[in-house]
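Being a predicted model, the structure only gives us computed values, none of them experimental. Side chains are part of it too, since the values below use all heavy atoms of this structure and drop only hydrogens, waters and symmetry mates.
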Amino acid sequence: MARLAQTAGLTDIQQEILSTVRGFVDKEIIPVATELEHRDEYPQQIVDGLKELGLFGLMIPEEYGGLGESLLTYALCVEEIARGWMSVSGIINTHFIVAYMLKQHGTQEQKDHFLPRMALGEVRGAFSMSEPALGSDVSAISSKAVKDGDEYVLNGQKMWLTNGGSSNLVAVLVRSDEGHPEGTAPHKSMTTFLVEKEPGFGEVRPGLTIPGKIDKMGYKGVDTTELIMDGLRVPANRVLGGTTGRGFYQMMDGVEVGRVNVAARGCGVAQRAFELGVSYAQQRHTFGKPIAQHQAIQFKLAEMATKVEAAHAMMVNAARKKDSGERNDLEAGMAKYLASEYCKEVVEDAFRIHGGYGFSKEYEIERLYREAPMLLIGEGTAEIQKMIIGRRLLEEYRLQG
């Protein structure tokens, strides 16, 4: 076995894409990731390189200038990028979710307007559901849109936007009661708006403010922000799909593929942690021999490698299920849950193998140790995944009669 997490049945084109991305990660990301992360510096040079590779258009159809690749190809690329630096995979993921939502649910005018420039990376996407007073309870969204002629006026505060500052297009989920009488189920009175803005911080267009970067424990480099709407006017033709009341379903469709992405990130980070652990175990000596020759360390390495393989297999299965056109919320929930939990455990075991040096910022494992926890909550907590999994299992195994 040359390396863990190999994927059977890939086409020559998929293998070529992955080989190119892997080479880019090894050469352009891994050598600089820890230094940039410690400075919390946006990786502009890396992003420019990903643009040149065409990764911002990886899943955008060829008719719009993209590569028209599958979710599986995309997920495997994300796995490689997260292996180098998870923050970079986050920059691509939010862009990808908005492009996917446009492709699946946008009007023809919206697709023609945005997708060609998104494929080139000229338009960069972010999406926004969460708010300061809610986490996983999307139905409690209080930001609101009110119709005013040919426009909507949006007010409210959103939270946890990845790419909030660097993006120039944000898909924002708000409540829109217009056309939906009082008493309508909350998820049926939500609408996604496509909000164009200038990159940066402060007032980025009239009525829209991006206050600044949120200081985080890990997942640095990428900008995570709030978004404040105060009388923000958005044309009616920027309602995603052209019809109000469909925003919840559009966002959930995007999050579903986003969960495959988060699973892929977990796989990539876990794989890098294993690489660091198995390498250090062969270099560090105790009691007259490399610690890799101690049975306790071999047991750790065996458990770590098995978890990397298992998470990768579930992620690939979830991506292939979505690519087949079938419902994959069960598989995506399982993959996201398992990969994020296993990632945390593999990173911690690699940290333990490093001993005291794992606590030093000179060693890469210190960065991974701070990054892994984000995957436990991103795109839905473990508890949310278990709710989704449990409900779907009861659907599949419902007793008859």
Side-chain angles (χ1 to χ4, degrees), residues 4-11 14-15 17-18 21 55 58-59 68-83 86 89-90 92-101 103-105 127 129 136 249-271 306-346 372 374-397:
L4 295 175
Q6 296 296 296
T7 309
L10 297 181
T11 66
Q14 287 174 314
Q15 291 175 356
I17 291 172
L18 286 176
V21 172
L55 287 193
L58 190 61
M59 278 191 67
E69 272 296 328
S70 64
L71 177 60
L72 174 62
T73 307
Y74 177 78
L76 294 175
C77 287
V78 166
E79 182 180 36
E80 291 293 343
I81 293 169
R83 175 180 153 267
M86 191 179 74
S89 65
I92 292 184
N93 181 44
T94 47
H95 172 87
F96 154 69
I97 289 178
V98 177
Y100 174 84
M101 290 168 61
K103 182 185 74 169
Q104 295 296 109
H105 306 288
F127 79 105
M129 287 194 299
S136 301
Y249 305 101
Q250 294 163 346
M251 280 282 180
M252 290 303 104
D253 190 24
V255 167
E256 192 172 289
V257 293
R259 285 179 179 141
V260 175
N261 175 287
V262 172
R265 285 197 243 180
C267 292
V269 173
Q271 188 176 149
T306 302
K307 289 173 181 177
V308 169
E309 284 288 306
H312 175 83
M314 290 197 74
M315 179 272 290
V316 168
N317 179 57
R320 282 181 162 149
K321 191 79 178 283
K322 187 73 171 180
D323 284 333
S324 72
E326 297 180 69
R327 181 178 178 181
N328 87 326
D329 53 342
L330 174 64
E331 291 79 8
M334 285 181 168
K336 192 276 174 184
Y337 169 57
L338 191 82
S340 58
E341 295 290 336
Y342 275 0
C343 175
K344 177 201 69 169
E345 293 170 11
V346 171
M374 196 284 291
L375 297 172
L376 299 172
I377 54 176
E379 250 76 354
T381 63
E383 290 72 22
I384 289 294
Q385 305 312 317
K386 286 188 274 191
M387 284 174 57
I388 293 168
I389 294 165
R391 288 170 181 169
R392 286 287 287 114
L393 289 173
L394 288 172
E395 288 178 22
E396 295 289 339
Y397 288 87

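Closest of all the heavy-atom pairs between Glu341 and Ala382 is OE2-CB, 3.6 Å. Across all non-hydrogen atoms, the minimal contact from Ala318 to Asn328 is O-ND2, 3.0 Å. Of all the heavy atoms in Ser340 and Leu376, the pair that sits closest is O-CD2, 3.6 Å. Across every non-hydrogen atom of Ala339 and Ala263, the tightest pair is CB-O, 3.5 Å. Taking all atoms of both residues into account, the shortest heavy-atom contact from Ala332 to Val260 is CB-CG2, 4.0 Å. Nearest heavy atoms, Gly266 versus Leu375: CA-CD1, 3.5 Å.
With Asp329 as the fixed residue, the salt bridge (Lys or Arg N to Asp or Glu O under 4.0 Å) test singles out one of Arg392, Lys336, Arg391, Arg259: Arg392.
When side chains are defined from C-beta on, Leu330 counts as touching Ile389, because their heavy atoms get closer than 4.5 Å. A 4.5 Å side-chain heavy-atom check between Gln271 and Val346 finds every atom pair outside the cut-off. Between His312 and Thr7 there is a side-chain heavy-atom pair separated by less than 4.5 Å. Between Asn261 and Ile97 there is no side-chain heavy-atom pair separated by less than 4.5 Å. For the pair Glu69 and Ile17, the minimum side-chain heavy-atom distance is below 4.5 Å. Between Val316 and Leu76, some side-chain heavy-atom pair lies under the 4.5 Å cut-off. Here the side chains of Ile92 and Leu58 are not in contact, with every heavy-atom distance at 4.5 Å or above. Proximity of Cys267 to Val308: side-chain heavy atoms (C-beta onward) are nowhere separated by under 4.5 Å.
Going from atom CD of Gln14 over to atom OG1 of Thr73 covers 3.5 Å, rounded to the nearest 0.5 Å. The CG atom of Leu71 sits 5.5 Å away from the CZ atom of Phe96 when rounded to the nearest 0.5 Å. Distance CD1/Ile388 to OH/Tyr337: 13.0 Å, rounded to 0.5 Å. Here the CE atom belonging to Met252 is positioned 11.0 Å from the OH atom belonging to Tyr249, to the nearest 0.5 angstrom. In this structure, Met59 CE and Tyr100 OH are separated by 7.0 Å, a value rounded to the nearest 0.5 Å. Between atom CG of residue Leu338 and atom SG of residue Cys343 there is a gap of 11.0 Å, rounded to the nearest 0.5 Å.
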Step-by-step salt bridge (Lys or Arg N to Asp or Glu O under 4.0 Å) determination, Arg83 to Glu80: CA-CA 5 Å; Arg83 175 180 153 267; Glu80 291 293 343; 3.7 Å; yes

Going through the checks in order, is the side chain to side chain contact (heavy atoms under 4.5 Å, CB included) test met by Met129 and Val255? CA-CA 10 Å; Met129 287 194 299; Val255 167; 3.5 Å; yes

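The backbone N or O of Gly380 sits less than 3.5 Å from a side-chain atom of Gln385, completing a donor-acceptor pair.
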